[in-house]
Protein chains: 2
Amino acid sequence: MRIGELAKATGTPIETIRYYEREGLLAAPPRTEGNFRIYDDTHAERLSFIRHCRTLDMALDEIRLLLRFKDAPTENCGDVNTLLDAHIGHVAARIHELRVLEKTLKSLRERCHEARDAAHCGILNELSQTSRQGAINRGGHVRGVHGGVRTRKT
Amino acid sequence: MRIGELAKATGTPIETIRYYEREGLLAAPPRTEGNFRIYDDTHAERLSFIRHCRTLDMALDEIRLLLRFKDAPTENCGDVNTLLDAHIGHVAARIHELRVLEKTLKSLRERCHEARDAAHCGILNELSQTSRQGAINRGGHVRGVHGGVRTRKT
DNA sequence: CTTGACTCTGTAGTGGCTACAGATTGTCTA
DNA sequence: TAGACAATCTGTAGCCACTACAGAGTCAAG
(Lines give C-alpha, C1' and ligand atoms only; values in the text may rest on other atoms or scores of the structure.)
Protein backbone atom coordinates (compact mmCIF):
# COMPACT_ATOMS: atom_id res chain seq x y z
CA MET A 1 0.00 0.00 0.00
CA ARG A 2 1.03 3.60 -0.49
CA ILE A 3 1.42 6.20 2.19
CA GLY A 4 -2.10 7.56 1.97
CA GLU A 5 -3.61 4.16 2.58
CA LEU A 6 -1.29 3.52 5.50
CA ALA A 7 -2.24 6.92 6.88
CA LYS A 8 -5.93 6.03 6.72
CA ALA A 9 -5.40 2.54 8.12
CA THR A 10 -3.54 3.80 11.17
CA GLY A 11 -5.15 7.20 11.60
CA THR A 12 -1.79 8.91 11.18
CA PRO A 13 -1.18 12.07 9.14
CA ILE A 14 1.02 11.46 6.13
CA GLU A 15 3.57 14.04 7.22
CA THR A 16 3.86 12.30 10.55
CA ILE A 17 4.64 8.97 8.88
CA ARG A 18 7.46 10.58 6.91
CA TYR A 19 8.61 12.27 10.10
CA TYR A 20 8.82 8.92 11.90
CA GLU A 21 10.87 7.59 9.01
CA ARG A 22 13.29 10.52 9.26
CA GLU A 23 13.52 9.92 13.00
CA GLY A 24 14.35 6.27 12.46
CA LEU A 25 11.26 4.94 14.22
CA LEU A 26 9.86 3.46 11.03
CA ALA A 27 12.15 1.72 8.55
CA ALA A 28 12.40 3.31 5.12
CA PRO A 29 10.15 1.17 2.89
CA PRO A 30 10.91 0.16 -0.71
CA ARG A 31 9.80 2.50 -3.48
CA THR A 32 7.97 2.19 -6.76
CA GLU A 33 9.63 3.20 -10.00
CA GLY A 34 7.99 6.57 -9.59
CA ASN A 35 9.59 6.94 -6.13
CA PHE A 36 6.43 6.32 -4.09
CA ARG A 37 6.80 4.56 -0.75
CA ILE A 38 5.30 1.06 -0.61
CA TYR A 39 4.33 -0.36 2.77
CA ASP A 40 3.22 -3.81 3.89
CA ASP A 41 1.50 -5.13 7.01
CA THR A 42 4.67 -5.21 9.07
CA HIS A 43 5.02 -1.47 8.56
CA ALA A 44 1.40 -0.96 9.51
CA GLU A 45 1.81 -3.02 12.65
CA ARG A 46 4.91 -1.12 13.69
CA LEU A 47 3.24 2.21 13.05
CA SER A 48 0.22 1.13 15.09
CA PHE A 49 2.58 0.27 17.92
CA ILE A 50 4.14 3.70 17.78
CA ARG A 51 0.81 5.47 17.64
CA HIS A 52 -0.54 3.40 20.47
CA CYS A 53 2.42 4.42 22.57
CA ARG A 54 1.85 8.04 21.60
CA THR A 55 -1.77 7.90 22.77
CA LEU A 56 -0.18 6.86 26.07
CA ASP A 57 1.85 10.09 25.92
CA MET A 58 5.19 8.34 25.72
CA ALA A 59 8.11 10.34 24.34
CA LEU A 60 9.61 9.21 21.05
CA ASP A 61 12.78 8.26 22.91
CA GLU A 62 10.82 5.95 25.16
CA ILE A 63 9.12 4.42 22.14
CA ARG A 64 12.49 3.95 20.44
CA LEU A 65 13.57 1.94 23.46
CA LEU A 66 10.43 -0.18 23.42
CA LEU A 67 10.94 -0.87 19.72
CA ARG A 68 14.41 -2.13 20.49
CA PHE A 69 12.93 -4.63 22.95
CA LYS A 70 10.41 -5.68 20.34
CA ASP A 71 13.21 -6.23 17.85
CA ALA A 72 15.25 -8.32 20.30
CA PRO A 73 12.67 -10.85 21.42
CA THR A 74 15.01 -13.06 23.40
CA GLU A 75 16.03 -10.25 25.61
CA ASN A 76 14.67 -9.94 29.09
CA CYS A 77 11.73 -7.54 29.31
CA GLY A 78 12.30 -6.35 32.83
CA ASP A 79 13.45 -3.06 31.40
CA VAL A 80 10.09 -2.63 29.72
CA ASN A 81 8.51 -2.79 33.13
CA THR A 82 10.99 -0.26 34.44
CA LEU A 83 10.29 2.13 31.59
CA LEU A 84 6.56 1.82 32.06
CA ASP A 85 6.80 2.32 35.80
CA ALA A 86 8.83 5.47 35.25
CA HIS A 87 6.29 6.74 32.76
CA ILE A 88 3.42 6.06 35.17
CA GLY A 89 5.39 8.01 37.76
CA HIS A 90 5.69 10.99 35.44
CA VAL A 91 1.99 11.02 34.73
CA ALA A 92 1.12 10.76 38.42
CA ALA A 93 3.49 13.61 39.22
CA ARG A 94 1.92 15.80 36.54
CA ILE A 95 -1.56 15.07 37.85
CA HIS A 96 -0.48 16.12 41.30
CA GLU A 97 1.01 19.36 40.00
CA LEU A 98 -2.13 20.20 38.10
CA ARG A 99 -4.34 19.51 41.10
CA VAL A 100 -2.35 22.01 43.13
CA LEU A 101 -2.54 24.46 40.24
CA GLU A 102 -6.29 24.02 39.96
CA LYS A 103 -6.72 24.87 43.64
CA THR A 104 -4.59 27.97 43.27
CA LEU A 105 -6.52 29.16 40.25
CA LYS A 106 -9.86 28.61 41.94
CA SER A 107 -8.86 30.54 45.02
CA LEU A 108 -7.61 33.29 42.74
CA ARG A 109 -10.94 33.29 40.97
CA GLU A 110 -12.68 33.74 44.33
CA ARG A 111 -11.11 37.16 44.61
CA CYS A 112 -13.30 38.70 41.97
CA HIS A 113 -16.93 37.70 41.69
CA GLU A 114 -18.42 40.80 40.24
CA ALA A 115 -17.41 42.60 37.10
CA ARG A 116 -15.89 45.69 38.62
CA ASP A 117 -13.38 47.95 36.94
CA ALA A 118 -9.92 46.56 36.41
CA ALA A 119 -8.24 49.00 38.80
CA HIS A 120 -9.89 47.27 41.73
CA CYS A 121 -9.96 43.78 40.30
CA GLY A 122 -8.84 41.38 43.02
CA ILE A 123 -7.43 38.97 40.49
CA LEU A 124 -5.15 41.46 38.81
CA ASN A 125 -4.01 42.81 42.16
CA GLU A 126 -3.25 39.36 43.46
CA LEU A 127 -1.27 38.50 40.35
CA SER A 128 0.86 41.59 40.83
CA GLN A 129 2.11 40.36 44.20
CA THR A 130 5.69 39.18 44.21
CA SER A 131 5.00 35.98 46.05
CA ARG A 132 7.67 33.66 44.63
CA GLN A 133 5.97 30.59 46.02
CA GLY A 134 5.77 28.52 42.88
CA ALA A 135 8.59 27.55 40.60
CA ILE A 136 8.06 27.54 36.87
CA ASN A 137 10.77 25.06 36.05
CA ARG A 138 9.55 21.56 36.65
CA GLY A 139 12.20 18.90 36.84
CA GLY A 140 10.43 16.02 35.17
CA HIS A 141 9.60 15.52 31.54
CA VAL A 142 6.00 16.47 32.01
CA ARG A 143 4.61 19.24 29.90
CA GLY A 144 2.59 22.25 30.92
CA VAL A 145 -1.04 22.98 30.33
CA HIS A 146 -0.96 24.59 26.89
CA GLY A 147 0.09 23.67 23.43
CA GLY A 148 0.91 20.01 23.32
CA VAL A 149 0.00 17.81 20.43
CA ARG A 150 -1.50 20.09 17.87
CA THR A 151 -4.69 19.53 15.94
CA ARG A 152 -4.37 20.05 12.26
CA LYS A 153 -6.10 22.97 10.66
CA THR A 154 -7.89 20.96 7.95
CA MET B 1 18.98 48.28 38.01
CA ARG B 2 20.56 46.25 35.27
CA ILE B 3 19.26 43.05 33.82
CA GLY B 4 21.19 40.74 36.13
CA GLU B 5 19.77 42.38 39.21
CA LEU B 6 16.26 42.23 37.80
CA ALA B 7 16.83 38.57 37.01
CA LYS B 8 17.82 37.85 40.59
CA ALA B 9 15.01 39.96 42.03
CA THR B 10 12.35 38.12 40.07
CA GLY B 11 13.93 34.70 39.73
CA THR B 12 13.88 34.97 35.98
CA PRO B 13 16.73 33.91 33.67
CA ILE B 14 18.28 36.84 31.82
CA GLU B 15 17.59 35.31 28.42
CA THR B 16 13.94 34.98 29.36
CA ILE B 17 13.70 38.67 30.24
CA ARG B 18 15.10 39.60 26.85
CA TYR B 19 12.74 37.09 25.28
CA TYR B 20 9.74 38.75 26.94
CA GLU B 21 10.94 42.10 25.60
CA ARG B 22 11.16 40.69 22.08
CA GLU B 23 7.67 39.27 22.51
CA GLY B 24 6.33 42.64 23.59
CA LEU B 25 5.30 41.49 27.08
CA LEU B 26 7.85 43.74 28.74
CA ALA B 27 8.44 47.25 27.44
CA ALA B 28 11.93 47.97 26.12
CA PRO B 29 13.66 49.88 28.94
CA PRO B 30 16.01 52.84 28.52
CA ARG B 31 19.69 52.11 28.02
CA THR B 32 22.94 53.37 29.48
CA GLU B 33 25.56 54.99 27.28
CA GLY B 34 27.15 51.59 26.97
CA ASN B 35 23.85 50.11 25.74
CA PHE B 36 22.93 48.25 28.91
CA ARG B 37 19.25 47.94 29.80
CA ILE B 38 18.18 49.91 32.86
CA TYR B 39 15.06 48.81 34.71
CA ASP B 40 13.05 50.37 37.51
CA ASP B 41 10.45 49.04 39.93
CA THR B 42 7.61 49.25 37.45
CA HIS B 43 9.48 46.85 35.19
CA ALA B 44 10.11 44.54 38.12
CA GLU B 45 6.47 44.58 39.08
CA ARG B 46 5.35 43.81 35.54
CA LEU B 47 7.83 40.99 35.23
CA SER B 48 6.66 39.54 38.52
CA PHE B 49 3.14 39.64 37.21
CA ILE B 50 4.17 37.75 34.10
CA ARG B 51 6.13 35.17 36.05
CA HIS B 52 3.32 34.71 38.50
CA CYS B 53 0.97 34.01 35.61
CA ARG B 54 3.49 31.56 34.18
CA THR B 55 3.64 29.62 37.44
CA LEU B 56 -0.12 29.31 36.90
CA ASP B 57 0.67 27.76 33.51
CA MET B 58 -0.98 30.51 31.52
CA ALA B 59 0.06 30.90 27.90
CA LEU B 60 1.88 34.07 26.91
CA ASP B 61 -1.14 35.06 24.83
CA GLU B 62 -3.37 34.84 27.87
CA ILE B 63 -0.89 36.89 29.84
CA ARG B 64 -0.75 39.47 27.06
CA LEU B 65 -4.51 39.84 27.41
CA LEU B 66 -4.32 40.21 31.18
CA LEU B 67 -1.65 42.88 30.78
CA ARG B 68 -3.98 44.79 28.51
CA PHE B 69 -6.60 44.80 31.24
CA LYS B 70 -4.00 45.96 33.72
CA ASP B 71 -3.04 48.80 31.40
CA ALA B 72 -6.65 49.89 30.91
CA PRO B 73 -7.80 50.19 34.50
CA THR B 74 -11.16 51.79 33.83
CA GLU B 75 -12.24 48.90 31.73
CA ASN B 76 -14.57 46.32 33.13
CA CYS B 77 -12.78 43.27 34.40
CA GLY B 78 -15.47 40.75 33.62
CA ASP B 79 -13.28 39.50 30.80
CA VAL B 80 -10.54 38.71 33.31
CA ASN B 81 -12.98 36.41 35.03
CA THR B 82 -13.88 34.83 31.72
CA LEU B 83 -10.24 34.21 30.85
CA LEU B 84 -9.51 32.72 34.23
CA ASP B 85 -12.56 30.49 34.09
CA ALA B 86 -11.49 29.23 30.69
CA HIS B 87 -8.01 28.53 32.00
CA ILE B 88 -9.38 26.64 34.99
CA GLY B 89 -11.44 24.63 32.54
CA HIS B 90 -8.35 23.72 30.54
CA VAL B 91 -6.51 22.58 33.62
CA ALA B 92 -9.45 20.51 34.79
CA ALA B 93 -9.76 18.90 31.38
CA ARG B 94 -6.07 18.04 31.35
CA ILE B 95 -6.32 16.48 34.79
CA HIS B 96 -9.17 14.33 33.62
CA GLU B 97 -7.23 13.19 30.56
CA LEU B 98 -4.23 12.28 32.64
CA ARG B 99 -6.34 10.32 35.11
CA VAL B 100 -7.70 8.21 32.29
CA LEU B 101 -4.19 7.79 30.94
CA GLU B 102 -2.89 6.74 34.33
CA LYS B 103 -5.54 4.02 34.55
CA THR B 104 -4.68 2.75 31.10
CA LEU B 105 -0.99 2.62 31.88
CA LYS B 106 -1.55 0.81 35.14
CA SER B 107 -3.71 -1.85 33.56
CA LEU B 108 -1.09 -2.21 30.85
CA ARG B 109 1.54 -2.67 33.52
CA GLU B 110 -0.57 -5.44 35.07
CA ARG B 111 0.05 -7.54 31.98
CA CYS B 112 3.67 -8.23 32.82
CA HIS B 113 4.71 -8.79 36.39
CA GLU B 114 7.77 -10.91 35.94
CA ALA B 115 10.83 -10.24 33.85
CA ARG B 116 10.24 -12.76 31.10
CA ASP B 117 11.71 -12.60 27.64
CA ALA B 118 10.39 -9.88 25.40
CA ALA B 119 8.78 -12.28 22.92
CA HIS B 120 6.14 -13.18 25.49
CA CYS B 121 5.98 -9.81 27.20
CA GLY B 122 2.33 -8.95 27.74
CA ILE B 123 3.02 -5.24 27.56
CA LEU B 124 4.71 -5.33 24.17
CA ASN B 125 2.03 -7.61 22.80
CA GLU B 126 -0.73 -5.37 24.06
CA LEU B 127 0.91 -2.31 22.54
CA SER B 128 1.03 -4.02 19.17
CA GLN B 129 -2.76 -4.32 19.05
CA THR B 130 -4.42 -1.95 16.60
CA SER B 131 -7.06 -0.80 19.00
CA ARG B 132 -7.68 2.78 17.83
CA GLN B 133 -9.51 3.71 20.98
CA GLY B 134 -7.58 6.79 21.96
CA ALA B 135 -6.93 9.85 19.88
CA ILE B 136 -3.57 11.56 20.03
CA ASN B 137 -4.80 14.95 18.97
CA ARG B 138 -6.37 16.72 21.88
CA GLY B 139 -8.54 19.68 21.07
CA GLY B 140 -7.68 21.98 23.94
CA HIS B 141 -4.51 23.90 24.56
CA VAL B 142 -3.30 21.44 27.15
CA ARG B 143 0.08 19.94 26.68
CA GLY B 144 1.15 16.31 26.90
CA VAL B 145 3.16 14.61 29.55
CA HIS B 146 6.71 15.22 28.33
CA GLY B 147 8.90 18.16 27.61
CA GLY B 148 7.31 21.22 29.07
CA VAL B 149 9.21 24.02 30.65
CA ARG B 150 12.84 23.02 30.62
CA THR B 151 15.25 23.26 33.46
CA ARG B 152 18.47 25.01 32.59
CA LYS B 153 21.68 23.08 32.47
CA THR B 154 23.63 25.33 34.82
C1' DC C 1 -4.47 14.79 -23.47
C1' DT C 2 -6.18 16.90 -19.73
C1' DT C 3 -7.84 16.93 -15.21
C1' DG C 4 -7.39 15.94 -10.62
C1' DA C 5 -5.79 13.08 -6.90
C1' DC C 6 -1.87 11.58 -4.88
C1' DT C 7 2.97 11.73 -3.65
C1' DC C 8 7.69 13.61 -3.50
C1' DT C 9 11.51 16.72 -1.19
C1' DG C 10 12.65 20.46 1.42
C1' DT C 11 11.97 24.21 4.43
C1' DA C 12 9.82 26.98 7.92
C1' DG C 13 6.80 27.51 11.79
C1' DT C 14 4.67 26.24 16.57
C1' DG C 15 5.62 27.63 22.28
C1' DG C 16 8.48 29.16 25.61
C1' DC C 17 12.21 29.29 26.31
C1' DT C 18 17.64 27.58 26.53
C1' DA C 19 22.41 27.65 24.96
C1' DC C 20 26.09 29.54 23.11
C1' DA C 21 29.42 32.38 20.06
C1' DG C 22 31.74 36.47 19.67
C1' DA C 23 31.87 41.25 20.75
C1' DT C 24 31.52 45.10 23.94
C1' DT C 25 31.26 47.40 28.53
C1' DG C 26 32.01 47.88 33.39
C1' DT C 27 34.42 47.15 37.71
C1' DC C 28 38.08 45.81 40.60
C1' DT C 29 42.78 45.13 41.87
C1' DA C 30 47.87 45.69 41.37
C1' DT D 1 47.01 52.74 33.93
C1' DA D 2 46.85 48.05 32.69
C1' DG D 3 45.02 43.81 32.97
C1' DA D 4 41.85 40.43 34.60
C1' DC D 5 37.36 39.10 34.99
C1' DA D 6 32.36 39.74 35.35
C1' DA D 7 28.40 41.40 33.20
C1' DT D 8 26.00 42.51 29.25
C1' DC D 9 25.11 42.94 24.24
C1' DT D 10 23.20 40.87 19.56
C1' DG D 11 22.15 37.14 16.90
C1' DT D 12 21.37 32.47 15.88
C1' DA D 13 20.40 27.64 16.58
C1' DG D 14 18.30 24.06 19.23
C1' DC D 15 14.50 21.59 21.98
C1' DC D 16 9.89 18.33 20.98
C1' DA D 17 6.62 16.24 18.00
C1' DC D 18 4.90 17.43 14.77
C1' DT D 19 2.19 20.84 11.15
C1' DA D 20 1.96 23.60 6.99
C1' DC D 21 3.02 24.63 2.71
C1' DA D 22 5.61 25.46 -1.86
C1' DG D 23 6.81 23.58 -6.03
C1' DA D 24 7.65 19.57 -8.61
C1' DG D 25 6.68 14.99 -10.11
C1' DT D 26 3.55 10.58 -10.78
C1' DC D 27 -0.50 8.13 -11.81
C1' DA D 28 -5.36 6.73 -13.12
C1' DA D 29 -9.68 7.92 -15.20
C1' DG D 30 -12.32 10.09 -18.77
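Residue numbers start from 1 in every chain, and the chains themselves are labelled A, B, ... in the order their sequence lines are given, proteins ahead of strands. None of the values given here were measured: they were computed from a predicted structure.
Both Tyr19(A) and Thr32(A) sit near DNA chain D, but only Tyr19(A) has its closest nucleotide nearer the 5' end.
By the side chain to side chain donor-acceptor pair (under 3.5 Å) test, Arg31(A) pairs with Asn35(A), sequence neighbours left out. With sequence neighbours excluded, the residues that form a side-chain contact (heavy atoms from CB on, under 4.5 Å) with Arg64(A) are Glu23(A), Leu25(A), Leu60(A), Asp61(A). Legend: residues meeting side-chain contact (heavy atoms from CB on, under 4.5 Å) with Leu83(B), ordered by chain and number and at least two apart, are Glu62(B), Leu65(B), Leu66(B). The salt bridge (charged side-chain N to carboxylate O under 4.0 Å, His left out) check on Asp85(A) picks up Arg109(B), with sequence neighbours excluded. With sequence neighbours left out, the salt bridge (charged side-chain N to carboxylate O under 4.0 Å, His left out) criterion links Lys8(B) to no other residue. Every salt bridge (charged side-chain N to carboxylate O under 4.0 Å, His left out) that Glu102(B) has, sequence neighbours left out, goes to Lys106(B). Residues meeting the salt bridge (charged side-chain N to carboxylate O under 4.0 Å, His left out) test with Glu21(B), sequence neighbours left out: Arg37(B).
Atom C1' of nucleotide dC9(D) and atom CD of Glu21(B) are separated by 11 Å, given to the nearest angstrom. When rounded to the nearest whole Å, the span between CG of Leu47(B) and P of dC17(C) equals 11 Å. dT19(D) atom C1' lies 14 Å from atom CD of Glu23(A), rounded to whole Å. If you measure from atom CG of Leu60(A) to atom P of dT19(D), you get 12 Å, rounded to the nearest angstrom. Between Met1(B) atom CE and dA7(D) atom P the separation is 17 Å, expressed in whole Å.
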For nucleotides 1-4 of chain D, list the nitrogen or oxygen atoms of the protein found under 3.5 Å from its nitrogen or oxygen atoms, one pair per line.
none

Spell out protein contact along nucleotides 6-13 of chain C as letters: B when the base is contacted, S when just the sugar-phosphate is, - when no protein heavy atom is under 4.0 Å; keep the 5' to 3' order. SSBB----
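One hydrophobic cluster, built from ILVMFWY side chains closer than 4.5 Å, cannot hold both Phe36(A) and Met1(A); they sit in different ones.
Distance check: Leu6(A) CG to Arg2(A) CZ gives 12.5 Å after rounding to the nearest 0.5 Å.
Between Thr16(B) and dT18(C), a side-chain N or O to OP1/OP2 separation shorter than 4.0 Å is present. Dashed line: the shortest gap from a side-chain N or O of Arg51(A) to OP1 or OP2 of dA17(D) is not under 4.0 Å. The side chain of Tyr20(A) contributes an N or O atom lying less than 4.0 Å from OP1 or OP2 of dC18(D).
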